[in-house]
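The structure under discussion appears below in the form of structure tokens.
Values below: every heavy atom of this structure, side chains too, minus hydrogens, waters and symmetry copies. Every value quoted in this text rests on a predicted model; they were computed, and no experiment measured them. Below, chains carry the letters A, B, ... as their sequence lines are ordered, and counting in each starts from 1.
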There are 2 protein chains.
Amino acid sequence: MTNYSIGDLATRSGVKVPTIRYYEEIELIAPTGRTAGNQRRYDSDALDRLRFIAHARAMGFSMESLKSMLRIANHRDAPCEDLDALVEARLKEVDERLAKLIALRTELASMLESCAHGTVADCRILQVLSDHEECRAEH
Amino acid sequence: MTNYSIGDLATRSGVKVPTIRYYEEIELIAPTGRTAGNQRRYDSDALDRLRFIAHARAMGFSMESLKSMLRIANHRDAPCEDLDALVEARLKEVDERLAKLIALRTELASMLESCAHGTVADCRILQVLSDHEECRAEH
DNA sequence: CTTGAACCTCTAGTGGCTAGAGGAATTATC
DNA sequence: GATAATTCCTCTAGCCACTAGAGGTTCAAG
């Protein structure tokens, strides 16, 4: 029967106090009990959920996905395919992002290489930036 | 002596009309001439600058960096070190982002692998998400 | 000269928080 | 038990880089 204040919850979860209130407002977490003086009090389940949220956010899952995950987590005897699907979708996003970043990295590196360290007037960097046609990859 | 309307400029540069006005507002581009009826008119230099901006934005350079670049581009006989520095800084950012994404990718993939495709109750995905300690990488 | 498309300014909204004001409740110290 | 310090409450506003829309004006084609 733990009885955390919102500040306790914040330090334990790493999620800031106003963010916790924000999550309540957008109904990502349910409103919790209050003291006679209207202050929020949480139990350890709430802490678990917040940690879950923090972790999933850190992995880049969208708020939308988070809401789905939390919903799914409540149906403990349902098959977990939907969960899989969400993770797969995120993996795909990450892969796409990686591909783009790698292409970009190549481009940036080659810009640096082709710079002759002269004056701005004949700097290849500016030329490349001015002329998208010079790029292999689109971004 | 080209004489583009803001719409022409938008179609030619790929930057949307309101965005061009926004760029003017935040002084990323200079205010341009107007017709007697107060409509903006641009020349081909403006188009070049806008294309430059669009391209640099697509490469992920910050607005801050963009402003610096545009300033630097005006000093045509200065050395281009500062330009190099900006590109290098961006390259470093990209590398950091890549490292994190690769770690994340690994994690997501292993989550998917460890899922036994049973019920939500014993799905490893939920367990991993609930417990940050299980992760090698921080994110 | 009429029409219709494109333009103008201005305000407000987006997401995911963060910051601050002004005031009430709780906790720690004496 | 009084007081002081801290934490909490709600509410409003701000952040970035745009995007959307209202209400009205100007331009270019026919």
Minimal non-hydrogen separation, A:Glu107 against B:His55, with atom names: OE2-NE2, 4.1 Å
B:Tyr23 side chain near D:dC18 phosphate (N/O to OP1/OP2, under 4.0 Å): yes
N/O donor-acceptor pair under 3.5 Å between A:Asp43 side chain and A:Ala46 backbone: yes
B:Ser114 side-chain N/O to B:Ser110 backbone N/O, donor-acceptor pair under 3.5 Å: yes
Interatomic distance where CD1 belongs to B:Ile29 and P belongs to D:dA17 [whole Å]: 15 Å
Side-chain touch B:Leu86/B:Ser68, heavy atoms, less than 4.5 angstrom: yes
Donor-acceptor pair, side chain of A:Arg90 and main chain of A:Met59, under 3.5 angstrom: yes
Backbone of B:Thr35 reached by a side-chain donor or acceptor of B:Arg40 within 3.5 Å: no
B:Tyr4 OH to D:dC27 C1', straight-line distance once rounded to whole Å: 19 Å
Side chains of B:Thr2 and B:Tyr42 in contact at under 4.5 Å (non-hydrogen atoms): no
B:Lys100 bridged to B:Glu93 by N-O distance under 4.0 Å: no
A:Arg124 side chain vs A:Val128 backbone, donor-acceptor pair below 3.5 Å: no
Protein-nucleotides 20-22 of chain D N/O pairs under 3.5 Å:
none

Nearest-angstrom distance from the residue atom NZ of B:Lys67 to P of D:dA17: 9 Å
Atom pair CG (B:Asp45) and OG1 (B:Thr32), whose distance is rounded to the nearest 0.5 Å: 10.5 Å
For nucleotides 5-8 of chain C, which of its nitrogen or oxygen atoms have a protein nitrogen or oxygen under 3.5 Å away, and what is each distance?
| from | atom 1 | to | atom 2 | distance (Å) |
| --- | --- | --- | --- | --- |
| C:dC7 | OP1 | B:Ser5 | OG | 2.8 |
| C:dC7 | OP1 | B:Gly7 | N | 2.6 |
| C:dC8 | OP1 | B:Arg40 | N | 2.9 |
| C:dC8 | OP1 | B:Arg40 | NH1 | 2.9 |
| C:dC8 | OP2 | B:Arg21 | NH1 | 2.2 |
| C:dC8 | O3' | B:Arg34 | NH1 | 3.4 |

Side-chain (B:Ser62) to main-chain (B:Ser65) donor-acceptor, under 3.5 angstrom: yes
Phosphate contact (C:dA25 OP1 or OP2) by A:Thr35 side-chain N/O below 4.0 Å: no
Atom-pair distance (CG on A:Asn3; P on D:dC8), nearest Å: 13 Å
Residue-phosphate contact under 4.0 Å: A:Thr19 side-chain N/O, C:dT18 OP1/OP2: yes
For atom CG of A:Leu9 and atom P of D:dC9, their distance in whole Å: 11 Å
Spacing of B:Leu28 atom CG relative to D:dC16 atom P, expressed in whole Å: 14 Å
Angle by which the axis turns from one end of the helix from C:dC1-D:dG30 to C:dC30-D:dG1 to the other, five pairs per end, to 10 degrees: 0°
Whole angstrom value for the distance that separates P of C:dC17 from CD1 of A:Ile26: 7 Å
Atom-to-atom span, CD of A:Glu27 to C1' of C:dG15 - whole angstrom: 17 Å
